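The structure appears right after this line, and notes come after that.
Note that the structure is predicted; figures quoted are calculated from it, not measured.
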Amino acid sequence: MDRYQEQLQKDALFLCSDQHVDTELLDKLVLQLNRIYPQILTDREAQKFRNLSVPAVTRLAELLSYLQEKGEEACHEFYRALHLHNEDLYLSLPTRVSRRGKNKSHTLILLRTPQDRPPQSSYYYLGGGCVLIMLSLICIQGEPKIVTDSVFSCTVLELGQHAKHILLSYSKNGCKMD
């Protein structure tokens, strides 16, 4: 496995080309490297790399060169900051792409499109919680009881269409769950 300094040397050309890193992202990276402990960039160094009178590509090239000189930990922290602030760019780095290609059997499946990602809204968790409460109430009761419409209306918020129809049919028909 390559060291972070070697990886950064390989990725530097990619990062500096085609404006992959814009001024806003560069600013976030510099601030991250300035604020972490142990501090990678001093306040003075951070000001130098945030100077808007110098083009972003030049500042980025100087930052990458500086981090390589500073050592392994500085390069590692740069990758952590990049991953934190722009995961798509981080995953498209040449060293990451080649690493995924070599280790296909050990690669995690990355969910990159919003349609592939699991829902993370509060309704999703609320709906799941309501389902758990409903099931625990059913299990705790000595005899089966009809569950009210209000519980079902909470549980169907983020369920699939098929599950919604089943739960609502129990509610509307007054069926008992055994």
Side-chain angles (χ1 to χ4, degrees), residues 1-133 135 157-161 163:
M1 182 193 300
D2 289 341
R3 298 177 338 165
Y4 289 107
Q5 283 176 290
E6 294 167 357
Q7 290 176 25
L8 191 56
Q9 188 174 8
K10 293 175 185 175
D11 291 332
L13 184 61
F14 174 79
L15 288 168
C16 292
S17 66
D18 297 328
Q19 297 180 338
H20 285 103
V21 179
D22 60 5
T23 301
E24 182 181 346
L25 177 58
L26 180 59
D27 195 48
K28 288 178 182 179
L29 296 172
V30 169
L31 287 174
Q32 179 79 22
L33 294 171
N34 177 245
R35 292 180 180 158
I36 61 170
Y37 181 82
Q39 194 176 40
I40 303 299
L41 298 175
T42 65
D43 292 339
R44 187 176 188 155
E45 292 165 338
Q47 284 179 338
K48 173 186 168 190
F49 294 119
R50 294 181 69 205
N51 183 357
L52 295 177
S53 64
V54 178
V57 175
T58 305
R59 289 184 286 138
L60 177 63
E62 290 174 0
L63 174 65
L64 297 178
S65 176
Y66 176 79
L67 292 174
Q68 288 175 15
E69 291 172 12
K70 191 129 185 182
E72 188 70 14
E73 185 179 357
C75 296
H76 182 224
E77 290 301 329
F78 171 80
Y79 278 111
R80 287 183 58 198
L82 183 61
H83 189 228
L84 176 71
H85 293 292
N86 192 331
E87 185 176 4
D88 290 336
L89 177 59
Y90 174 81
L91 293 173
S92 65
L93 291 171
T95 55
R96 300 294 172 246
V97 171
S98 67
R99 182 180 293 173
R100 282 196 308 266
K102 290 178 185 174
N103 299 327
K104 283 194 176 186
S105 62
H106 297 89
T107 303
L108 296 174
I109 297 173
L110 299 173
L111 304 173
R112 297 190 65 177
T113 62
Q115 294 82 14
D116 294 335
R117 290 187 180 138
Q120 295 177 352
S121 69
S122 57
Y123 290 119
Y124 175 76
Y125 295 108
L126 177 65
C130 288
V131 169
L132 290 175
I133 291 170
L135 292 175
L157 284 174
E158 288 291 325
L159 297 176
Q161 288 293 357

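Glu72 pairs by the side-chain contact (heavy atoms from CB on, under 4.5 Å) definition with Arg3, Tyr4, Gln5, not counting sequence neighbours. For His85, there are no ring-ring contact (aromatic ring centres under 6.0 Å, His included) partners two or more places apart in sequence or in a different chain. Every residue meeting the side-chain contact (heavy atoms from CB on, under 4.5 Å) condition with Thr23, not counting sequence neighbours, appears here in chain and number order: Leu52, Ala56, Arg59. Residues forming a salt bridge (Lys or Arg N to Asp or Glu O under 4.0 Å) with Arg80 (at least two apart in sequence, or on another chain): Glu77.
Listed by first and then second residue, the ring pair (Phe, Tyr, Trp, His ring centres under 6.0 Å) pairs that reach into residues 21-52 are Phe49-Tyr66, sequence neighbours excluded. The ring pair (Phe, Tyr, Trp, His ring centres under 6.0 Å) analysis of residues 6-30, with sequence neighbours excluded, yields the pairs Phe14-His20. A salt bridge (Lys or Arg N to Asp or Glu O under 4.0 Å) check over residues 27-54, counting only residues at least two apart or in different chains, returns the pairs Glu24-Lys28, Asp27-Arg50. Sorted by first and then second residue, the pairs that involve residues 10-22 and meet salt bridge (Lys or Arg N to Asp or Glu O under 4.0 Å), not counting sequence neighbours, are Asp2-Lys10.
Looking only at side-chain heavy atoms (C-beta outward), Asn86 and Leu29 stay at 4.5 Å or farther from each other. When side chains are defined from C-beta on, Asn34 does not count as touching Ile40, because their heavy atoms never get closer than 4.5 Å. Between Leu89 and Leu15 the shortest side-chain heavy-atom distance falls below 4.5 Å. Side-chain contact between Leu26 and Val30 is present, with at least one heavy-atom pair separated by less than 4.5 Å.
Annotation: the span from Leu64 atom CG to Gln9 atom CD amounts to 11.0 Å, rounded to 0.5 Å. If you take CD on Gln19 and CG on Leu60, they are separated by 11.0 Å, rounding to the nearest 0.5 Å. Separation of atoms CG (Leu63) and OG1 (Thr58) is listed at 12.5 Å; rounding is to 0.5 Å. One distance of note links CZ of Phe78 with CD of Gln68; it measures 10.0 Å at 0.5 Å rounding.
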Practice problem: Show your reasoning for whether side chain to side chain contact (heavy atoms under 4.5 Å, CB included) applies to Leu31 and Leu41. | Solution: CA-CA 8 Å; Leu31 287 174; Leu41 298 175; over 6 Å; no

Quiz item: How far apart are the C-alpha atoms of Tyr79 and Thr95, what are their side-chain angles, what is the distance that settles it, and do they pass the side chain to side chain contact (heavy atoms under 4.5 Å, CB included) test?
Solution: CA-CA 11 Å; Tyr79 278 111; Thr95 55; 4.3 Å; yes

Quiz item: Should Leu67 and Leu33 be marked as a side chain to side chain contact (heavy atoms under 4.5 Å, CB included) after you check the CA-CA gap, both sets of side-chain angles, and the distance that decides it?
Solution: CA-CA 10 Å; Leu67 292 174; Leu33 294 171; 4.0 Å; yes

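Judged by distance alone, the side chain of Ser65 and the main-chain N or O of Ala61 form no donor-acceptor pair under 3.5 Å. Remark: the backbone N or O of Pro94 is paired with a side-chain donor or acceptor of Ser98 at under 3.5 angstrom.
Taking each heavy atom of Val57 and Cys16 in turn, the nearest pair found is CG1-O, 3.9 Å. Residues Cys75 and Leu8 come closest through the heavy atom pair SG-CD2, 3.6 Å.
Environment of CD in Glu62: crowded, with over 12 heavy atoms of neighbouring residues, nucleotides or ligands closer than 6.0 Å.
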